[in-house]
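The structure appears below as structure tokens.
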Amino acid sequence: QVQLAESGGGLVQPGGSLRLSCAVSRDIVSRSAMSWYRQAPGKQRELVAHITDDGRRDYIDSVKGRFSISRDNAKSTMYLEMNSLKPEDTAVYYCNVVFGGIIVDGKPLEYWGQGTQVTVSS
């Protein structure tokens, strides 16, 4: 079973920066589409950033120009660099991996991490 472990969250003042990491227990990162989601208390989980297996990146409008998603295949790790953080960025951030190497019933395998808390407050 693939395990995902997020880290790097914490408390930061508005305008500050954090880098989140998602370590993947199996060597599947290079063949996967990967995403960062976030969920604030009382709100729905939302997709924040996405990177495909061929390197295309997408972001929700609210984080464009501030967040950057990347991955290191050799380290089996995905990152989310967050700059110019705002209070509305406060949420639990989750790593998601969709593995394209195995298709079951027409669907690729999908995995979630347990989340890391990001709090932006003065």
Side-chain angles (χ1 to χ4, degrees):
Q1 180 72 25
V2 173
Q3 302 290 325
L4 278 60
E6 301 98 334
S7 62
L11 176 64
V12 64
Q13 293 185 342
S17 299
L18 287 172
R19 188 180 75 162
L20 306 183
S21 298
C22 173
V24 183
S25 65
R26 301 274 293 278
D27 186 21
I28 63 170
V29 172
S30 64
R31 295 166 288 172
S32 300
M34 307 183 72
S35 302
W36 287 98
Y37 288 76
R38 67 186 181 188
Q39 186 169 26
K43 298 183 179 180
Q44 286 189 307
R45 186 174 298 187
E46 65 177 349
L47 176 65
V48 177
H50 177 78
I51 183 169
T52 67
D53 56 354
D54 59 351
R56 291 174 293 173
R57 296 167 171 84
D58 290 305
Y59 305 89
I60 56 172
D61 288 342
S62 61
V63 308
K64 287 182 178 178
R66 300 189 297 118
F67 290 12
S68 179
I69 187 171
S70 63
R71 63 176 173 233
D72 187 329
N73 294 336
K75 296 181 179 179
S76 294
T77 302
M78 179 179 66
Y79 305 95
L80 183 67
E81 184 73 34
M82 303 185 293
N83 301 306
S84 301
L85 283 162
K86 304 175 180 180
E88 52 263 42
D89 296 318
T90 296
V92 177
Y93 284 71
Y94 297 91
C95 178
N96 171 267
V97 174
V98 178
F99 177 47
I102 299 177
I103 304 297
V104 179
D105 294 327
K107 299 287 186 180
L109 299 180
E110 185 173 357
Y111 306 95
W112 290 89
Q114 292 183 322
T116 185
Q117 176 71 49
V118 172
T119 302
V120 184
S121 177
S122 60

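For this chain, numbers begin at 1 and follow the sequence in order.
- At a threshold of 4.5 Å between non-hydrogen side-chain atoms, the residues V2 and V24 count as touching.
- Counting heavy atoms from C-beta outward, M82 and R66 have side chains that stay 4.5 Å or more apart.
- At most 12 non-hydrogen atoms from other residues, nucleotides or ligands lie less than 6.0 angstrom from CD of Q44.
- Remark: side-chain polar atoms of R57 are paired, donor with acceptor, to backbone N or O of I69 under 3.5 angstrom.
- Put simply, the side chain of P108 does not reach to within 4.5 Å of the side chain of F99, judged on heavy atoms.
- Classified by interplanar angle (parallel below 30°, tilted 30° to 60°, perpendicular above 60°), the ring pair Y93/F67 is tilted.
- Side-chain contact between V29 and M34 is present, with at least one heavy-atom pair separated by less than 4.5 Å.
- Residues Q114 and L4 have side chains not in contact (no heavy-atom distance under 4.5 Å, counting atoms from C-beta outward).
- Note on K64 versus D61: salt bridge recorded, some NZ/NE/NH1/NH2 to OD/OE distance being below 4.0 Å.
- With a 6.0 Å radius and a threshold of 12 heavy atoms from other residues, nucleotides or ligands, R26 has its CZ atom at or below the threshold.
- A heavy-atom distance below 4.5 Å is not found between the side chains of Y79 and C22.
- Closest of all the heavy-atom pairs between N83 and E81 is OD1-OE2, 3.6 Å.
- Contact check for V92 versus E6: no side-chain heavy atoms found under the 4.5 Å cut-off.
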